[in-house]
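What follows is one structure encoded as structure tokens, with my remarks underneath.
Values below: all heavy atoms of this structure, side chains included; hydrogens, waters and symmetry mates excluded.
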Amino acid sequence: MRHLLDATEAAVREVGGLLRARQPAAPLDAAAPAEALAAFERYDRPAAALLRERLGALRPQAGWLGDEWAREVPPTGEWWLCDATDGAVQYLSALPQWAVTATLLRDGAPVLAVVHAPLLGGTYAACAGGGTRLDGEPCAPRVRTLATAVAATAQPPGAAGDPVALRAAGASLAAVLPHVLAVRNLGPTALQAAQVGSGHLTLFWQYGADPANLLPGALLAAEAGAVVTDAEGCPWTPGAASFVAAAPGAHPELLRVLRGVGGR
């Protein structure tokens, strides 16, 4: 598995180099969402094809979860779950907060994950049971409490169409803000969860089902030593309605703050 992780990291870095070289120097000036989507596909499509070619050669028996994926994690078999340009809005806006992600799922659970942020200069890699490394070195959460926490949050794609998640996102922000140093949204969900594992962030939370973005971050954060659950403190699963990754010292405090926020 370690050899496969190293080879996956090399493939992800190659794709990141391609995208970095092609990223627009100025924000895209699009008059309509369809125009922005068409522009994005011109960048993303060749990168996604290269990523699939490289990873398919590494693990030819694994399936591929592409754009047609229906958000139901296959319960059996091996599957690549990848996003060549995670953070499309930032990429098209000439911002650095985007990443290339690759996750190998086995029987419904992530066993390997790589998140590479070319312009931020960080590559997270982990395999189940092997810890998480950042740019080749082991990483771990920092010992912090909510009072000294830099927190992050995000909303899954389509959150506006989920009234429960939408209400919980607003209520949780209002609940957390008085207890932390700051709350930020720093780009791709997978990257922010990984940054909890390296101590750059103290905690990350989100409401709404979002397995494609949370699976890689969940493995990276947990393998680094962060506590990963849902907002009720139960083990996180891809179908969960909420997600929390936090440094061990801050996790129980955060759950107390979030208590009752996501009630239906």
Side-chain angles (χ1 to χ4, degrees), residues 1-20 51 54-55 58 80-87 90-91 95-105 109-144 148-154 181-182 184-206 212-228 236 243-251:
M1 186 61 72
R2 179 61 66 179
H3 173 74
L4 179 61
L5 182 64
D6 291 342
T8 301
E9 184 175 336
V12 167
R13 284 180 175 273
E14 181 183 2
V15 172
L18 172 66
L19 285 162
R20 178 175 184 170
L51 188 59
R54 295 289 187 263
L55 297 183
L58 293 176
W80 284 112
L81 170 63
C82 302
D83 193 341
T85 318
D86 189 8
Q90 292 86 252
Y91 186 84
L95 292 169
Q97 294 92 354
W98 55 274
V100 184
T101 71
T103 307
L104 183 66
L105 306 178
V111 295
L112 176 155
V114 176
V115 173
H116 171 54
L119 294 183
L120 297 177
T123 304
Y124 291 86
C127 56
T132 299
R133 63 192 189 195
L134 171 58
D135 294 333
E137 297 295 328
C139 61
R142 293 183 183 272
V143 180
R144 287 178 176 158
T148 59
V150 177
T153 188
L181 289 178
R184 299 289 184 260
N185 185 328
L186 300 174
T189 296
L191 178 60
Q192 294 185 91
Q195 287 170 329
V196 174
S198 61
H200 290 86
L201 295 169
T202 308
L203 62 94
F204 174 85
W205 87 92
Q206 179 174 294
N213 292 312
L214 290 171
L215 279 162
L219 180 66
L220 290 163
E223 284 294 330
V227 183
V228 176
W236 180 79
F243 176 89
V244 167
H251 184 266

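- Between P248 and G225, the closest heavy-atom pair is CG-O, 3.6 Å.
- Within the model, atoms CD of Q192 and CG of L220 stand 13.5 Å from one another, a figure rounded to the nearest 0.5 Å.
- Atom CG of L215 sits about 5.5 Å away from atom CG of L105, to the nearest 0.5 Å.
- Considering OG1 of T85 and OH of Y91, their distance stands at 6.5 Å, rounded to 0.5 Å.
- In this structure, R144 has no side-chain hydrogen bond (donor to acceptor under 3.5 Å, both in side chains) partners at least two apart in sequence or on a different chain.
- Every residue meeting the side chain to side chain contact (heavy atoms under 4.5 Å, CB included) condition with V150, not counting sequence neighbours, appears here in chain and number order: L201.
- Closest of all the heavy-atom pairs between A218 and F243 is CB-CE1, 3.9 Å.
- Expressed to the nearest 0.5 Å, how far CG of L191 lies from CZ of F204 amounts to 10.0 Å.
- Nearest heavy atoms, T132 versus A224: OG1-N, 3.2 Å.
- At a threshold of 4.5 Å between non-hydrogen side-chain atoms, the residues L104 and T8 do not count as touching.
- Between T202 and A149, the shortest heavy-atom contact is OG1-CA, 3.4 Å.
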Name every donor-acceptor pair, under 3.5 Å, that has one atom in a side chain of residues 118-127 and the other anywhere in the protein, sequence neighbours excluded.
residue: T123; atom: OG1; partner: R13; partner atom: NH2; Å: 3.1
residue: T123; atom: OG1; partner: H116; partner atom: ND1; Å: 2.7
residue: Y124; atom: OH; partner: S198; partner atom: OG; Å: 2.7

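- Taking CG of L186 as the reference point, atom OG1 of T153 lies at 11.0 Å (rounded to 0.5 Å).
- One finds the CG atom of N213 at 8.5 Å from the CG atom of L81 (value rounded to the nearest 0.5 Å).
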